[in-house]
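Structure, as structure tokens:
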Amino acid sequence: MEKEILEAQGKWADAIVAIGAAYSGGEDYRAVAEQTVDALYGYTEGPVLFKPTKASEKQFRLTREEAVSYFVTGAVPEDHGFAIQPWSAVRFENAGFAIDGDSAIAMGNYYFTDASTAEEAKVEFTFGYFRDGQGRLRINLHHSSFPYEPKE
């Protein structure tokens, strides 16, 4: 299952870049975000626990509409469109996996490359996966946060 998780992470990374590229190119970026959420997350199968990186007033995105909003704005007023930043690349560095039958958890850091400045932002993640009725891995847990920075 580890190979499948790496493939799922690659699809997620490519989708975040594709949403931003559609936005920058004047294309229907909202449709790309909706397709991303529908293809990669398990909202139609059951609960999805999503804690986005840049969320404070409404910390959790428990519905499909709220997930799309986080990526491209819309349903949640504080959302500024994380995926329409845009990013030119996303790469995962996994610290480890916990695999249990048809479900798994991956944890580590992922790095987002700003399309304008080429600067990289480091974000901590935990993603949970389950196998849907067709045997595909879907995300049912997504927690992201910036690394802790102690105050001097």
Side-chain angles (χ1 to χ4, degrees), residues 4-97 103-130 132 136-152:
E4 290 175 277
I5 293 169
L6 296 174
E7 290 170 0
Q9 289 174 340
K11 288 177 184 175
W12 189 92
D14 291 346
I16 295 301
V17 172
I19 294 166
Y23 175 78
S24 296
E27 299 168 30
D28 190 352
Y29 61 92
R30 180 168 300 283
V32 177
E34 289 171 348
Q35 291 165 2
T36 295
V37 170
D38 291 345
L40 302 180
Y41 289 81
Y43 286 102
T44 60
E45 304 280 324
V48 174
L49 308 177
F50 182 9
K51 169 32 183 114
T53 311
K54 294 182 175 183
S56 62
E57 294 171 25
K58 182 168 181 58
Q59 294 173 274
F60 309 107
R61 302 300 193 270
L62 303 180
T63 68
R64 174 192 182 270
E65 293 72 26
E66 292 170 342
V68 171
S69 175
Y70 178 71
F71 292 127
V72 296
T73 74
V76 180
E78 77 174 306
D79 290 339
H80 298 288
F82 180 83
I84 60 175
Q85 163 114 12
W87 307 103
S88 60
V90 180
R91 67 182 174 85
F92 282 77
E93 283 185 4
N94 292 287
F97 305 99
S103 64
I105 299 172
M107 183 176 73
N109 295 308
Y110 45 8
Y111 300 82
F112 297 83
T113 304
D114 187 294
S116 300
T117 66
E119 289 185 30
E120 204 171 56
K122 176 182 176 180
V123 179
E124 300 163 341
F125 77 88
T126 304
F127 275 30
Y129 299 93
F130 72 98
D132 71 10
R136 294 175 297 204
L137 283 189
R138 293 199 179 260
I139 299 165
N140 65 355
L141 168 67
H142 174 166
H143 183 278
S144 297
S145 58
F146 288 116
Y148 172 67
E149 292 186 23
K151 296 189 181 193
E152 308 270 330

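Numbers here are sequence positions counted from 1. In what follows, every heavy atom counts, from backbone to side chain, and hydrogens, waters and symmetry copies are set aside.
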Only counting residues at least two apart or in another chain, list the ones meeting side chain to side chain contact (heavy atoms under 4.5 Å, CB included) with S24. P86
Check: S69 side chain, A75 main-chain N or O, donor-acceptor pair, under 3.5 Å: yes
Just by modelled atom types, is the S116 backbone N or O under 3.5 Å from a matching donor or acceptor in the D114 side chain? yes
Any residue meeting ring pair (Phe, Tyr, Trp, His ring centres under 6.0 Å) with F50, in chain and number order, not counting sequence neighbours: Y41, Y70, F71, H142
Would a 4.5 Å heavy-atom cut-off, applied to side chains only, mark K11 and D14 as touching? no
Evaluate side chain to side chain contact (heavy atoms under 4.5 Å, CB included) for V48 paired with L141, printing each intermediate quantity in order. CA-CA 6 Å; V48 174; L141 168 67; over 6 Å; no
Step by step, work out the side chain to side chain contact (heavy atoms under 4.5 Å, CB included) result for K54 and D79. CA-CA 8 Å; K54 294 182 175 183; D79 290 339; over 6 Å; no
Do E34 and R64 come close enough that some side-chain heavy atom pair is under 4.5 Å? yes
With distance as the sole criterion, is a donor-acceptor pair present between the side chains of N140 and E45 under 3.5 Å? no
F92 and W12: side chain to side chain contact (heavy atoms under 4.5 Å, CB included), yes or no, with the steps? CA-CA 10 Å; F92 282 77; W12 189 92; 3.8 Å; yes
Could you check whether any side-chain N or O of E66 sits under 3.5 Å from a backbone N or O of T63, counting only pairs where one atom can act as donor and the other as acceptor? yes
What residues, two or more places apart in sequence or in another chain, satisfy ring pair (Phe, Tyr, Trp, His ring centres under 6.0 Å) together with F112? F82, W87, Y110
For the pair R138 (side chain) and D38 (backbone), establish whether a donor and an acceptor sit closer than 3.5 Å, ignoring hydrogens and angles. yes
